[in-house]
Amino acid sequence: MTAAVELAGENEIKAIIGMEKWQEAALVAQIGSQYQLPILSLATAPATLPSAPQRWPSLVQMAGNYSHQITCIADIVKYYNWRNVIAVYEDDGYAGTSVMLDLLAQALQENGAEIEYRLAFPPVASMNDPTKIVLEELTKVFSMQSRMFIVLQSSLPLAVHLFREARNSGLIGRDTAWIITDSISSLLDSVNSTVISSMEAIEHLGAETGSSTKLLETILSSKFDGLSSKISFQGGELSCNPVFRVINVVGKGHKELDFWSAENHFFERLGDETGRRVVTWPGDTNEVPKGWTLPTNAKPLRIGVPGNASFEKSVRVDKDNNSNRTEYSGYSIDVFLEVVRIIEENYALPYEFVAFYGTYDELVNCVYNKTFDAVVGDVTILANRSKHVDFTQPYAKSGLSMIVPYKSKESRKARLFTKPFNMQLWLATGGILLYTTFSVWFLEHNVNPDFGGTWKNQLSASLRFIFSSVFFAHEERILSNYTRIVVVVWLFVVFILTQSYTDNLTSMLTVPLLKPKIEDIGWLKANDKQVGCDGESFVRVYLTDVLGFEAKNIKNVSSQYYYPDLLNNGTIAAAFLELPFEKVFLDEYCGTFTHTNFTLRFGGLGFVFPKGSPLVADVSKAILKLSENGVLQQLEGKWFSPPLDCALSNTNTDVESLNIQVFWVLYLFSGATSLTCFLLFFIRLLKSYRAQESKIGNGGSLGEKLVKLWKYFDKGETRNGNEATPISDELDGLGPPQWDISSSSESEITEHPQASLSFEVQTSPTPHA
C-alpha cells in the first residue's frame, strides 16, 4: 500500500501494472482514483462487479473474473462423473473468497455434484509453522470420502507447502484428482522443477489473455487482436470471453490437453486416446480416478442397521452376550448381501454392520452427519429425507395400510337367497319369464282347452305352466309345435339359470361372511378412537401432520406381536402398518384381521448413502440386476410367503352376484325364438282371417274390422250373421303336423281327418284293476 502511494506521487509514473490478488488490486485502485492514475490489474475478480467503474474509475481489469473459470471447472467435474469435491482455498479474510465458493457450489449443483468439504488455510504470512499447519488441515480430509480437490485460490508459498505435504501424506496418488485455477498455473514457470514434480498429474487452467500499458483513455477505447482473442473493454474490464487452456502436470513438466470457452466449452474431447492428449493421472495411470476413497479392511464401510425394527422378517438383530457377537438377518439384510456379491465382481467392498437403537429419522441423520457411511434396513424413501441423503433404487414397494379386525355379516343371511343374482339380472329374468308366458298363451289358448276359458283361467294357466316349468313340474299339455319350440328353449334357459343360482348360493353359504369392522378413517377421527403404529418410524408424524390424527390418540407399538391383543381388547381401533409389513402381519393372523381400502403409496424401501456418494449408482445397478434375474422375488418368497392355510384363506372370499353380462346371449336367444314363433303364428292367423272374410264379406268400418279380428283371435271363430265358423277350420292345413304329448290314461287326441289344427279331446274312463 505504501509502495503504491509512493509510486503514485511520482510525476514520471503514468500507470501501475500488477496486483495478482484481487484485494491488493482493490486497494491500489483506490489510490489510483485519487491520483487519476490508470491501474492495470492482473488479478482475477471473484465475479463481475457492476459498481466497479463508479468505485474505481481508474481500474482496468485485464484478467476478467472467476465466473468463467468456475464454469470450466464444473464442466470438467461433470465430464469425469465426479459427484463430491473438496474445495481448497487460502482464506484472506475478504468477501471475494465466499463469492467464489458460492459460484462453485451453484455450478456444481447444476451438474449434479456438490462440495463435500471446504478446506480453508489461513494466509501463509500468519502461520508460525506452515508445514505443520498445512499437514494438520490435510489430515482432516482422511475422514472424508471424496478425493477430488479443487484449489480455488492460493498464494505461491501456500501452494508449495500444500502439494508437498499432500504428496507426502498420500493425497496425490491413485484414485485422486486435483484441479487448480490460473492464479496458480500462471506461476508454474517461475518455480523450480521440484515443486512442479510434487504437482504431478494435476489439471489446471491457464487464461489466454493479452495486455497493454497505454494510458487509461487509450486502453479503455482500444480494440485490437490479441494473442488469443480480440481485445476490448467494457465497464473497466475485458469484454471478451476468455479461453482457458486445460493443462495436465506430468513429472517435472506439463502438457496441454484442450481449450475451453464459455461459448464452445471444450473444443475437443478431453483425454482421448490419440497420444499426447491422454491424461496421466496420479499414480502414473491413464485410468480415470473415481475421485473418492474405497473402503478398506482397515477402514471398512460403517453401516447402520435398525436395532429395534418392528417386524423381524425385515431386519433382526440378535446379540450373543457370551461371545459378544451380533447376528444380522432379515429380508433387507439378504438383499444387501446379494448387492455386495454383485459389486465385488468389480471391486472389494469391506463393511461392518452397527446396530442403532433410535428412530428411523435419527438413523438417516447419522448418515448426514457422517456417523455412518450408509444405512441398510427397511427405510422408506421420503421427500424430506432425500433433502439430506441419497437413496438407492428401491428394492421393495412401500406404503401405508390400515389394519382392523374382522366382523361377521351374519345379519345378511336372511336375504342371502337374493344375492346369487344382482338386481339387473333379477329384473331381466322376470321380464323374459313374462314374455315367455305371453308367448305360450298366445300360441295355445285358441287350440288348447287347458289354456282356454275365461281370461282369469287363461292367465292363471299360463303363469302356472311357466312357473312350474322352472322346477320341471308342469302338467299342462302343449298342442302347438310353435309352443313346443318356445318351451324347449325356455327349459334350456331355466336349466342354466337354476344351476348357476344353486352354485352361487352354495358358495355364498359356505364361505365366511366377514367384513372389516371399520372401513372409514374419518370415523376413527370423528369418534376420537385410538390407533396404533410403529413410533420409531415416520408413520406417527405422518398420522398427525398429514392425516390429521391427534397425538393423544396415537399409541406407539414397538413389536408386531403386540398388535393382536391391542386390537382384540379394543385398546386401539385400527393399526397403521407400512408395506410390506402389512402382508407379513395378515399372513400370520389370517382370518382374524384384514386391511381396509385405505392404502397410500410411497417411494419404496431403499438403502441410504451420503449425498453424492458414488456407491449409490453401483448399488442401484446391482438392485436392478437382482430384480431382473428374479433374486428379489425369491427373497420375498423366502421371508414373506404365508403358511399354506393362510394362503388359501387369503384368497378373495367375497362371492360376487351374477349379472346380466353372463346371460344376455341366452336371454336374447330365448326372446328371439319366442318372437319368431309368435310372428309365424300371427301371419298364419291373418291369412286365415282374410280367407274367412273373403267368404262372408269384409264390409264395415275400420273399427268393426278390428273388433272382428280381435274376436277371431280371442274366440277362435268368425260370424256371418248367426253362423259361426271355428278358427280351427280356417287354419286347417296352415300349421305343421301335431302330435300328442299326454298319456293315454288322461286324454286322447284325435287328429282331424284333414290334418287340421283342431283337436277332439276325449276322456276315457280308467279301467278297473
Side-chain angles (χ1 to χ4, degrees), residues 145 292 294-297 299-319 325-358 360 362-368 370-382 385-386 389-398 536-537 578-581 584 602-611 613-641:
Q145 192 176 34
W292 56 282
L294 287 170
T296 62
N297 291 327
K299 188 182 178 182
L301 206 65
R302 280 176 53 85
I303 299 177
V305 177
N308 50 357
S310 296
F311 287 85
E312 297 177 350
K313 288 189 176 183
S314 178
V315 178
R316 179 171 178 173
V317 179
D318 295 315
K319 188 172 183 179
R325 294 183 58 186
T326 303
E327 298 291 335
Y328 300 88
S329 60
Y331 172 66
S332 299
I333 301 298
D334 280 1
V335 171
F336 180 74
L337 295 179
E338 291 293 331
V339 166
V340 172
R341 181 183 61 80
I342 293 177
I343 289 179
E344 289 188 339
E345 295 176 359
N346 299 316
Y347 56 86
L349 188 66
Y351 65 90
E352 62 178 3
F353 288 138
V354 180
F356 178 83
Y357 297 91
Y360 279 72
E362 292 172 348
L363 179 57
V364 172
N365 286 334
C366 285
V367 176
Y368 176 67
K370 303 190 185 308
T371 302
F372 294 130
D373 299 315
V375 168
V376 169
D378 49 346
V379 182
T380 302
I381 301 174
L382 299 175
R385 291 175 177 174
S386 299
V389 296
D390 279 347
F391 285 92
T392 63
Q393 176 81 12
Y395 62 87
K397 296 180 180 179
S398 69
E536 305 296 337
S537 69
E578 292 184 70
L579 303 177
F581 312 131
V584 176
F602 298 111
L605 302 182
F607 302 134
V608 186
F609 287 90
K611 271 286 187 183
S613 173
L615 278 174
V616 173
D618 292 342
V619 174
S620 295
K621 290 178 182 177
I623 291 174
L624 289 175
K625 187 174 182 180
L626 292 176
S627 177
E628 292 170 0
N629 59 24
V631 174
L632 286 182
Q633 186 175 2
Q634 294 175 7
L635 293 177
E636 287 180 6
K638 171 185 175 182
W639 288 100
F640 300 141
S641 289

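Predicted, not measured: the structure shown is a model, and the values here were computed from it.
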Peer 1: Evaluate whether atom OH of Tyr368 has more than 12 neighbouring non-hydrogen atoms of other residues, nucleotides or ligands under 6.0 angstrom away.
Peer 2: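 Not more than 12 within 6.0 Å, no.
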
Peer 1: So, taking the atom named OH in Tyr360 and the one named OG1 in Thr380, what distance separates them when rounded to the nearest 0.5 Å?
Peer 2: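 Rounded to the nearest 0.5 Å, the OH-OG1 separation comes out at 8.5 Å.
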
Peer 1: Is it the case that the side chain of Tyr328 and the backbone of Ala355 share a donor-acceptor pair, with hydrogens and angles ignored and the cut-off at 3.5 Å?
Peer 2: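 Yes, the answer is positive, given that a donor and an acceptor are paired below the 3.5 Å cut-off.
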
Peer 1: Is there side-chain contact between Val376 and Tyr351, with heavy atoms separated by less than 4.5 Å?
Peer 2: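 No, every pair of side-chain atoms sits at 4.5 Å or beyond.
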
Peer 1: To the nearest 0.5 Å, what is the distance between CD (Glu536) and CD (Glu362)?
Peer 2: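 Answer rounded to 0.5 Å: 7.5 Å.
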
Peer 1: Would you check if the side chain of Thr392 reaches a backbone N or O of Phe607 as a donor-acceptor pair within less than 3.5 Å?
Peer 2: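 Checking the backbone N and O of Phe607 against the side chain of Thr392, a donor-acceptor pair under 3.5 Å is found.
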
Peer 1: Apply side-chain contact (heavy atoms from CB on, under 4.5 Å) to Val315 and Ser332, showing your working.
Peer 2: CA-CA 6 Å; Val315 178; Ser332 299; 3.9 Å; yes

Peer 1: Between Asn308 and Gly358, which heavy-atom pair has the shortest distance, and what is it?
Peer 2: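 Taking every non-hydrogen atom into account, OD1-O, 3.6 Å.
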
Peer 1: Roughly how far, to the nearest 0.5 Å, is CD of Glu312 from CH2 of Trp639?
Peer 2: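 Going from the CH2 atom of Trp639 to the CD atom of Glu312 covers 10.0 Å.
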
Peer 1: If you take all heavy atoms of Tyr331 and Tyr395, which pair is closest and at what distance?
Peer 2: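 Looking at all heavy atoms of both residues, the closest pair is OH-O, 3.4 Å.
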
Peer 1: Identify the two heavy atoms, one from Gly606 and one from Ile381, that lie closest to each other, and give their separation to 0.1 Å.
Peer 2: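 Closest approach of Gly606 to Ile381: N-CG1, 4.0 Å.
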
Peer 1: Could you tell me whether the side chain of Lys611 and the main chain of Ser386 form a donor-acceptor pair under 3.5 Å?
Peer 2: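 The answer is yes, because a donor-acceptor pair under 3.5 Å joins these two groups.
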
Peer 1: Show, in sequence, the C-alpha distance, side-chain angles and deciding distance for Leu615 and Leu301, and conclude whether the side-chain contact (heavy atoms from CB on, under 4.5 Å) test is met.
Peer 2: CA-CA 11 Å; Leu615 278 174; Leu301 206 65; 3.9 Å; yes

Peer 1: Mind checking the CZ-CG spacing from Arg341 to Leu626? Nearest 0.5 Å is all I need.
Peer 2: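 With rounding to 0.5 Å, CZ (Arg341) is 7.0 Å from CG (Leu626).
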
Peer 1: With no hydrogens and no angle check, is any side-chain donor or acceptor of Arg385 less than 3.5 Å from a backbone partner on Phe391?
Peer 2: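 No, because the side chain of Arg385 does not come within donor-acceptor range (under 3.5 Å) of the backbone of Phe391.
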
Peer 1: Over all heavy atoms of both residues, which pair between Val375 and Val379 is shortest? Give the atoms and the distance, please.
Peer 2: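 The answer is CG1-CG2, 3.8 Å.
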
Peer 1: Kindly compute the distance separating CZ (Phe640) from CZ (Phe311), expressed to the nearest 0.5 Å.
Peer 2: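 So the gap between those two atoms works out to 10.0 Å.
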
Peer 1: Decide yes or no on salt bridge (Lys or Arg N to Asp or Glu O under 4.0 Å) for Glu628 and Lys625, but give the supporting numbers first.
Peer 2: CA-CA 5 Å; Glu628 292 170 0; Lys625 187 174 182 180; over 6 Å; no

Peer 1: Flag yes if more than 12 heavy atoms outside Glu344 fall under 6.0 Å of its CD atom; otherwise flag no.
Peer 2: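 Counting neighbours around CD of Glu344, more than 12 heavy atoms of other residues, nucleotides or ligands fall under 6.0 Å, so yes.
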
Peer 1: side-chain contact (heavy atoms from CB on, under 4.5 Å) for Arg302 and Val354? Distances and angles first, verdict last.
Peer 2: CA-CA 7 Å; Arg302 280 176 53 85; Val354 180; 3.9 Å; yes

Peer 1: Are any non-hydrogen side-chain atoms of Leu363 and Phe372 less than 4.5 angstrom apart?
Peer 2: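 Leu363 vs Phe372: side chains touch.
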
Peer 1: Rounded to the nearest 0.5 Å, how far does CD1 of Ile623 lie from CG of Asp618?
Peer 2: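 Nearest 0.5 Å value for the CG-CD1 distance: 11.5 Å.
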
Peer 1: Quick one: closest heavy-atom pair of Ser314 and Asp378, and the distance?
Peer 2: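 Answer, listing the atom of Ser314 first, then Asp378: OG-CB, 3.1 Å.
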
Peer 1: Minimum heavy-atom separation for Ala622 to Val339, with atom names?
Peer 2: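 Scanning both residues, the minimum pair turns out to be CB-CG1, 3.8 Å.
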
